[in-house]
Amino acid sequence: MPVTRGFLGKRRPERPDRLPPGQYDTGSSWPTLTAEATPRIDLDSWTMSVDGLVGRPQAWTWGEVQALPVSSYVGDIHCVTTWSKFDMTFRGVSVDTLLDAAMPLPEAGFVLAHSTTGYTTNLPLADVTGGKAWIVWEVDGKPLPTGHGGPVRLLVPHLYFWKSAKWITRLELLERDRPGFWEQNGYHDRGDPWLEQRYQGDP
Ligand SMILES: Nc1nc2c(c(=O)[nH]1)N[C@H]1C(S)=C(S)[C@@H](COP(=O)(O)O)O[C@H]1N2
Ligand SMILES: [Mo]
C-alpha cells in the first residue's frame with residue numbers, strides 16, 4: 001500500500017487545537033482525583049441549595065432537581081495534573097436555571113461551591129452563568145459514578161477540573177471572593193487552562 005511516509009514521521013496530537021498548553025490526551029481512561037474520602041450519599045436526604053446573597057434561597061430535593069429543564073454539555077475537560085479528556089457528554093441542569101430561581105442580589109459577585117464532604121472551590125459568578133456551568137448526574141449516558149462525584153457534581157468545563165466540585169450540595173453567593181480548598185493550598189484563584197493558570201503566581 002503506498003504511503004506518504006513524510007507525513008507520518010512525527011506523532012502529533014490528533015487535535016492540537018483542542019489541547020491547552022502543557023496538557024496531554026488521556027484517551028479512554030478517566031483518572032479519579034479526590035482529596036477526601038469518597039462519601040456515601042443518601043438521595044432521600046440529599047438537597048441542592050443556592051443561598052447567601054440571593055433574593056430567594058432555594059433547596060431542591062433529588063426529585064425536584066430532576067424535574068428542572070435538562071441541559072447537556074458535550075466537550076472536553078482539563079485537569080491541572082495535565083490530563084485532558086475529549087468528547088464527554090454530561091447531562092444535568094444549567095447553573096443558570098438554579099440561579100434564576102434564587103435571584104442573586106446585585107452585590108453578589110462570587111460563588112463558593114460546597115461538597116457534602118466539606119470540599120469547597122470558589123468561582124466568579126461570571127464563570128458559572130451564561131451557559132458555562134452545570135450540576136450533572138449523568139456521564140456518557142450512565143449515572144455519574146460515586147468516585148467521579150455522583151450522585152451530583154458541579155461541572156465547569158472551561159476551567160481546570162478542580163473547580164468542578166464532586167458531591168455538590170450547595171452554591172453560596174458572596175460579595176467578595178473567598179478561596180476554596182485547593183485555592184488555599186496554592187492553586188490559582190481562577191484556573192483557566194488556556195492561560196495555564198495552574199498555581200498562585202501564574203498569569
Ligand atoms: N469534593 C471534591 N471535589 C473535587 C475534588 C476533590 O478532591 N473533592 N478534586 C477536584 C480535582 S483536583 C479534580 S482534577 C477533579 C477530579 O474529578 P474526577 O475524579 O472525576 O476526575 O475533581 C475536583 N473536584
Ligand atoms: Mo485536579
Side-chain angles (χ1 to χ4, degrees), residues 18-43 45-50 62 65 72-92 95 98 110-124 127-128 132-172 178-202:
R18 285 175 69 176
L19 210 49
Q23 298 291 111
Y24 72 93
D25 177 2
T26 184
S28 58
S29 84
W30 184 6
T32 301
L33 289 128
T34 306
E36 71 273 39
T38 297
R40 192 182 293 260
I41 292 166
D42 179 8
L43 278 176
S45 54
W46 177 88
T47 55
M48 178 66 212
S49 302
V50 179
W62 172 242
V65 94
S72 297
Y73 168 75
V74 179
D76 309 337
I77 58 174
H78 311 288
C79 175
V80 70
T81 62
T82 74
W83 57 264
S84 291
K85 191 164 167 55
F86 292 151
D87 299 317
M88 306 202 69
T89 300
F90 289 95
R91 200 159 168 273
V95 170
L98 306 180
F110 298 88
V111 55
L112 192 65
H114 296 260
S115 301
T116 59
T117 56
Y119 180 92
T120 53
T121 188
N122 56 304
L123 299 129
D127 275 318
V128 296
K132 293 193 287 296
W134 292 260
I135 62 163
V136 296
W137 52 81
E138 212 180 276
V139 61
D140 297 334
K142 299 199 189 79
L144 186 67
T146 309
H148 286 300
V152 184
R153 81 179 295 163
L154 184 62
L155 177 70
V156 192
H158 72 289
L159 299 177
Y160 282 126
F161 213 37
W162 86 78
K163 297 289 184 181
S164 296
K166 304 198 272 191
W167 314 297
I168 185 88
T169 189
R170 178 182 178 209
L171 292 174
E172 181 186 9
R178 189 195 300 164
F181 175 77
W182 281 118
E183 294 83 3
Q184 289 173 34
N185 284 282
Y187 281 20
H188 196 276
D189 196 58
R190 177 143 185 271
D192 182 337
W194 296 97
L195 301 175
E196 266 208 282
Q197 295 174 330
R198 297 178 192 274
Y199 307 109
Q200 272 165 36
D202 288 348

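Both counts, for ligands and for their atoms, begin at 1 and track the order of listing. Worth saying up front: this structure is predicted, and the values here are computed from it rather than measured. One-based numbering along the sequence shown.
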Sub-4.0 Å atoms of ligand 1 with respect to non-hydrogen atoms of [X]:
| X | result |
| --- | --- |
| S164 | 22 (O), 23 (C), 24 (N) |
| A35 | 6 (C), 7 (O) |
| E36 | 1 (N), 2 (C), 6 (C), 7 (O), 8 (N) |
| W167 | 1 (N), 2 (C) |
| H148 | 18 (P), 19 (O), 20 (O), 21 (O) |
| W83 | 21 (O) |

Counting only heavy atoms closer than 4.0 Å, does ligand 1 sit against the backbone of [X], its side chain, both, or neither?
| X | result |
| --- | --- |
| S115 | side chain |
| F161 | both |
| Y160 | neither |

Could you tell me whether some N/O pair between [X] and ligand 1 is separated by less than 3.5 angstrom?
| X | answer |
| --- | --- |
| P31 | yes |
| T32 | no |
| A165 | no |
| W182 | no |
| K166 | yes |
| W30 | yes |

Test side-chain hydrogen bond (donor to acceptor under 3.5 Å, both in side chains) applied to D76 and H158, R18, K85, the passing residue: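 Between D76 and the candidates, side-chain hydrogen bond (donor to acceptor under 3.5 Å, both in side chains) is satisfied uniquely by R18.
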Can you check whether Y187 and W162 have ring centres sitting under 6.0 Å from each other?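 Yes, close enough.
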Does some side-chain heavy atom of [Y] sit less than 4.5 Å from a side-chain heavy atom of [X]?
| X | Y | value |
| --- | --- | --- |
| V136 | R153 | yes |
| W30 | M88 | yes |
| V152 | W62 | yes |
| R178 | N122 | no |

Would you say that more than 12 heavy atoms from the other residues, nucleotides or ligands in this model lie under 6.0 Å from the CZ of R170, or not?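 More than 12 within 6.0 Å, yes.
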Could a heavy atom of R153 be found less than 4.0 Å from some atom of ligand 1?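 Heavy atoms of R153 do come under 4.0 Å of ligand 1.
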Would you say the side chains of T120 and H114 form a donor-acceptor pair under 3.5 Å?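 No, H114 and T120 have no side-chain donor paired with an acceptor closer than 3.5 Å.
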